[in-house]
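Below is one structure, written out as structure tokens; the observations come after it.
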Amino acid sequence: QVQLVESGGGLVQPGGSLRLTCTASGFTFSMYAMAWYRQAPGKEREVVATINSIGGGIDYIDSVKGRFSISRDNARETLYLQMDYLNPEDTAVYYCNKGPGWRPAYWGQGTQVTVSS
């Protein structure tokens, strides 16, 4: 019933861009802060960017500030992550879910982002 579907990943060169999309269902999307998370090989999953329920309160981890932009469309129950100036350290599987502090929904499959020459 609860479903999170991430898409938009791929292989890009350093300096390239991708836009990730997350489509949510099975919970009241507009009531929750949301976040993008990522997990790189050998590392724990980390929060990348957060956004409050109405599209404000945006925050990013330091390593992506100025390069990534999170947004949402509550009418479409969709979360986005625009990623510019990608570097190899951004390589990871990217997931969406409720923001930190909320019990997460079941994790989706994620979408692989690979940044390589």
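Under a hydrophobic-cluster definition in which Ile, Leu, Val, Met, Phe, Trp and Tyr are linked whenever side-chain heavy atoms come within less than 4.5 Å, directly or via other members, I51 and I54 are assigned to different clusters. A single hydrophobic cluster is seen to contain both I61 and W36, as judged by linkage of ILVMFWY side chains at heavy-atom distances under 4.5 Å, directly or through other members. Under the 4.5 Å side-chain contact rule for hydrophobic residues, Y85 and L18 do not share a cluster. Y32 and Y106 fall into different hydrophobic clusters, where Ile, Leu, Val, Met, Phe, Trp and Tyr side chains are chained together by heavy-atom contacts under 4.5 Å. Residues V47 and V93 are members of one and the same hydrophobic cluster, defined by side-chain heavy-atom contacts under 4.5 angstrom among Ile, Leu, Val, Met, Phe, Trp and Tyr.
Distance alone, capped at 3.5 Å, places no donor-acceptor pair between the T91 side chain and the E89 backbone.
Interatomic distance, M34 CE to N74 CG, rounded to the nearest 0.5 Å: 9.5 Å. Atom CG of D90 and atom OG of S63 lie 7.0 Å apart (nearest 0.5 Å). The OG atom of S53 sits 12.5 Å away from the NZ atom of K98 when rounded to the nearest 0.5 Å. Between F68 atom CZ and S17 atom OG the span is 9.5 Å, to the nearest 0.5 Å. The line from OG of S25 to CD of E77 is 7.0 Å long, rounded to the nearest 0.5 Å.
Side chains of P88 and S116 form no contact here, defined as non-hydrogen atoms less than 4.5 Å apart. Looking at heavy atoms from C-beta onward, T114 lies out of side-chain contact with V12 at the 4.5 angstrom threshold. L4 has its side chain within reach of C22: a pair of non-hydrogen atoms, C-beta onward, lies under 4.5 Å apart. T50 has its side chain out of reach of I58: every pair of non-hydrogen atoms, C-beta onward, lies at least 4.5 Å apart. Between E46 and R38, the closest side-chain pair of non-hydrogen atoms falls below 4.5 Å. Side-chain contact between L20 and T111: present, with at least one pair of heavy atoms (C-beta onward) separated by less than 4.5 Å. Counting heavy atoms from C-beta outward, E6 and C96 have side chains that approach closer than 4.5 Å. No side-chain heavy atom of Y60 sits under 4.5 Å from any side-chain heavy atom of R67.
The minimum heavy-atom distance linking G26 with V2 is given by the pair O-CG2, 3.5 Å. The minimum heavy-atom distance between N97 and Y37, with the atom names listed, is CB-CE1, 3.7 Å.
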- Task: Decide side chain to side chain contact (heavy atoms under 4.5 Å, CB included) for L86 and Q13; before the verdict, give the C-alpha distance in whole Å, the side-chain angles of both, and the deciding distance to 0.1 Å.
- Result: CA-CA 8 Å; L86 286 161; Q13 295 182 340; over 6 Å; no

For S30 and T28: C-alpha separation, side-chain torsions, deciding distance, then whether side chain to side chain contact (heavy atoms under 4.5 Å, CB included) applies. CA-CA 6 Å; S30 63; T28 308; 4.0 Å; yes

Q112 and Y94: side chain to side chain contact (heavy atoms under 4.5 Å, CB included), yes or no, with the steps? CA-CA 6 Å; Q112 176 71 51; Y94 284 70; over 6 Å; no

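Taking the ring centre of F29 as origin, the terminal cationic atom of R72 falls inside the region bounded by 6.0 Å and 45° from the ring axis.
Using cut-offs of 30° and 60° on the angle between ring planes, the pair Y95 and W107 is perpendicular.
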